[in-house]
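Report on one structure; see the data block that follows.
Everything numeric in this text was worked out from a predicted model, so none of it was measured. Atom set for the values below is all heavy atoms of this structure, side chains included, hydrogens, waters and symmetry mates excluded.
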Amino acid sequence: MKPARFKALTSLGTLQKRNSNLARIELARCLAEEKRIENSIIELKSQMQENRILVSKAREEEAQDLTLWNGYRYWLPIAQEELERLEQALEDARQVSGVARNRVMGLVREQEATDGLLRHEKLERVQRVQQQEQMSLDERAQHQKFLEGLEM
């Protein structure tokens, strides 16, 4: 391989590593956003369950607190809408994460291909150097035999 091509592949490999690292960072952000939304959903569901239990207990008591019941009736549809919004946001975040994951995988494959070409080139260079060294040793040995033949 020509030195210019080797240099270009090395530069390409460096650029690909940078791009795959940036893509990994973006994927991590996407996964963190998914987790944040999941935690919000869990928290909201927990609040809904706690409020449901609280209102159920209050209804069982003789002295019902209508303010609590009316507040719950007002709050519940709002909470359900928020839950639907969060579930949609989670679905959207998962799609974005999927795209980011696929991008990372593609960039890593490209980087691995370039790294493979560079490894192959380095191996070929080492083999050429070894062959040249062996040829040099063989030439020296033949020259030495030739000189020994002349001395006889």
Under a 4.0 Å N-O cut-off, is there an ion pair linking R128 with E121? yes
Would E50 and S46 count as a side-chain contact (heavy atoms from CB on, under 4.5 Å) if you check the C-alpha gap in whole Å, the side-chain angles of each, and the deciding distance to 0.1 Å? CA-CA 6 Å; E50 288 172 9; S46 176; 3.4 Å; yes
| query | Given the rule in the side-chain contact (heavy atoms from CB on, under 4.5 Å) test, do R140 and H143 qualify, once you have shown the distances and angles that lead to the verdict? | reply | CA-CA 5 Å; R140 285 184 188 169; H143 184 68; 5.6 Å; no
All heavy atoms of E112 vs all of R119, minimum pair found to be O-NH2, 4.4 Å
side-chain contact (heavy atoms from CB on, under 4.5 Å) filter on K7, not counting sequence neighbours, yields none
For E34 and S97, the nearest pair of non-hydrogen atoms, with its separation, is OE2-OG, 2.5 Å
Practice problem: Given side-chain contact (heavy atoms from CB on, under 4.5 Å), test E26 with R103 step by step and report yes or no. | Solution: CA-CA 10 Å; E26 181 59 28; R103 183 167 186 267; 5.8 Å; no
Residue pairs passing the salt bridge (Lys or Arg N to Asp or Glu O under 4.0 Å) test with at least one member in residues 74-84, sequence neighbours excluded, are E82-R85
| If we ignore angles and hydrogens, is there a donor and acceptor under 3.5 Å between the side chains of D138 and Q134? | yes
By side chain to side chain donor-acceptor pair (under 3.5 Å), Q130 pairs with (sequence neighbours left out) none
Sequence neighbours excluded, the answer for side chain to side chain donor-acceptor pair (under 3.5 Å) partners of Q88 is D92
If hydrophobic clusters are built by linking Ile, Leu, Val, Met, Phe, Trp and Tyr wherever their side-chain heavy atoms come under 4.5 Å apart, do L90 and V99 end up in the same one?
no
L86 and I37 have their tightest heavy-atom pair at O-CG2, 3.4 Å
Item checked: Within-4.5 Å side-chain heavy-atom neighbours: W75 and Q47 -> yes
4.5 Å side-chain heavy-atom contact, Q142 and K145
no
Separation between CG (L12) and CD (Q111), nearest 0.5 Å, reads 9.5 Å
Exercise for the section: Side-chain contact test, heavy atoms from C-beta onward, threshold under 4.5 Å: evaluate it for L118 versus F6 and give yes or no. Expected result: yes
Smallest heavy-atom separation, E38 atom then R94 atom, equals OE2-NH2, 2.9 Å
**Prompt:** Can you check whether E33 reaches R29 side chain to side chain, under 4.5 Å on heavy atoms?
**Reply:** no
Shortest non-hydrogen pair, L44 vs L83, comes out as CD2-N, 3.5 Å
Whether over 12 other heavy atoms sit under 6.0 Å from R18 CZ: no
Residues joined to V108 in its hydrophobic cluster, side chain to side chain under 4.5 Å directly or through other members, sorted by chain and number, are L27, L31, V104
The side-chain contact (heavy atoms from CB on, under 4.5 Å) partners of T14 (sequence neighbours excluded) come to none
Checking E124 against H120 for the side-chain contact (heavy atoms from CB on, under 4.5 Å) test, could you report, in this order, the C-alpha distance in whole Å, the side-chain angles of both residues, the deciding distance, and whether it holds? CA-CA 6 Å; E124 283 182 356; H120 181 72; 2.6 Å; yes
